[in-house]
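The structure appears right after this line, and notes come after that.
Counting starts at 1 for both ligands and their atoms, in listed order.
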Amino acid sequence: MPDQTTICAISTPAGQGGIAVIRISGPDAFAICDTVYRPMKKSYSVAEQFPNTISFGHIIRQADIIDEVLVSVFRAPHSYTGEDTVEISCHGSIFIQQEILKLLVEQGCKIAAPGEYTQRAYLNGKLDLSQAEAVGDLIAASSAASHKIAVQQMRGGFSHRLSILRDQLLNFTSLVELELDFSEEDVEFADRTELRILASEIETEIRRLTDSFAAGNAIKNGIPVAIIGATNAGKSTLLNQLLKEDKAIVSDIHGTTRDVIEDTIIIDGLMFRFIDTAGIRETNDAIERIGIERTFRKIEQSSIVLWVIDLTEEPDSTGSFAGMIIEKCRDRQLILVLNKSDRLEENELEKKLEYYRHFDKDCMVISAKSDTDIVLLETKLVASAHLPQIGENDIVVTNMRHYEALSRALLAIEKVIRGLDDHIPGDLLAQDIRDCLYDLGTITGQQIHSEEVLQNIFKNFCIGK
Ligand code: GDP
């Protein structure tokens, strides 16, 4: 059941701005607003204002005018939350925003928790859970691709696909359960061959959705790119050039980047998540060794590996690690980045290039320090991303919670298929189908009844949404 309190929050970003919007939602939204608002046109109170209209007036504390504002009124159920809602657009001074909020709280409003408006929208049936989560993703979307997926999910594309799957499963289970009612008579209403075909179709669709998560996660959180190489090869300098800021510590002392630094940038609408790693070299220093082990783990988590090589050093400066790096990069895109080109004469450079091209004919030659050919490296990164083109109607799973639920649903439907193949009794079959239905139902919220789970989902939202 939705909360019966009336909540308020500043819905625009924290700090000073041109204007700010304070949103009030709940059964007393109009009455509370009327205690602090004097419309210019005296004949209408907020409670009497036509829905979906804006009025102009003053927010007052006793006789003092706090601000000139615009008040928008949305009447339940035709509002974002499904409740009576007022939006006060005021001037964006921090003092005014806080004063209005204080007044509203004095009059009985509760300060909204993060995501509480969207949570109420969900509880009032305005959105299902996956759509509500998409609202959070939409606000956080920082690339064209993640924006596209969030819009598609918010508009219900994913929910629709899930509801088709659930309908098919319900149909399936009702046939099997009908048999159970007639168990004495040993009838089979559900043709097992047809069920087997249907179950495989459902399995294919769930598998397609779970498989889309690798791309979806890369789109939402960035394609993971590990920057590896010997100490002092120029990894931190390169990261700073790519990020256009001094994030990683650059120094001449070997082994300075002992920990792993992550940051994201957008190139050509794609988000890349860079992971700077501790330099790889033979060492007896225990802490540095831990850093090197972590570097190898980071390689496993990345899709693209930039192996930075100092052209002024001898090719085997990573020592015995070279073979391990190549082995670890077998299943990912490995790009050799030959750095410090500014320190070599033309003929010297050619000789070194000839050597490295044996290993990677497309190796990149750059100077991280003098920003030479970093743009070419960026182009190469985009070409290596290999993300699928996302069409208008493609459903891509980007949310870890959804992915986990789909993975469980996949196991359940696989069990159904095995059960059909092994001719297991109808009641066991029905239980496995119900498990699959349950897991799919947790994505849209049909099967979520715990307040705690909901709060967990909405806690990462911003205040005021
Ligand atoms: P890391 O240990 O691989 O992270 O290496 P750093 O980025 O800390 O760089 C080590 C040293 O090499 C620093 O003094 C950098 O200024 C220098 N360096 C990095 N890239 C270049 C480059 O392209 N040209 C030159 N001449 N020096 C560079």
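- Considering K235, K340, K369, R343 only, the shortest heavy-atom separation from atom 12 (O) of ligand 1 involves K340.
- Relative to the ring axis of Y356, K361 does not place its NZ or CZ within 45° and under 6.0 Å from the centre.
- Residue contacts with ligand 1: N232 is placed with a nitrogen or oxygen under 3.5 Å of a nitrogen or oxygen of the ligand (distance criterion only).
- Considering backbone and side-chain N/O of I366, none are found under 3.5 Å from N/O of ligand 1.
- Per-residue contacts place G234 under 4.0 angstrom from the following atoms of ligand 1 (heavy atoms of the residue considered): 1 (P), 3 (O), 5 (O), 6 (P), 7 (O), 9 (O), 19 (C).
- Using the six-membered ring where Trp is involved, F272 and F274 have ring planes that are parallel, under 30° apart on the 30 and 60° scheme.
- Residues F158 and H402 bring their aromatic ring centres within 6.0 Å.
- With rounding to the nearest 0.5 Å, the separation of OG1 in T118 from OH in Y122 is 13.0 Å.
- Distance check: I299 CD1 to I325 CD1 gives 6.0 Å after rounding to the nearest 0.5 Å.
- Within ligand 1, the atoms closer than 4.0 Å to a non-hydrogen atom of D342 are 22 (C), 23 (O), 24 (N), 25 (C), 26 (N), numbered from 1 in the order shown.
- Within the 3.5 Å criterion, the main-chain N or O of G464 finds a donor-acceptor partner in the side chain of R23.
- The closest approach between a heavy atom of G229 and any atom of ligand 1 is not below 4.0 Å.
- Distances below 4.0 Å separate heavy atoms of S367 from the following atoms of ligand 1: 22 (C), 23 (O), 24 (N).
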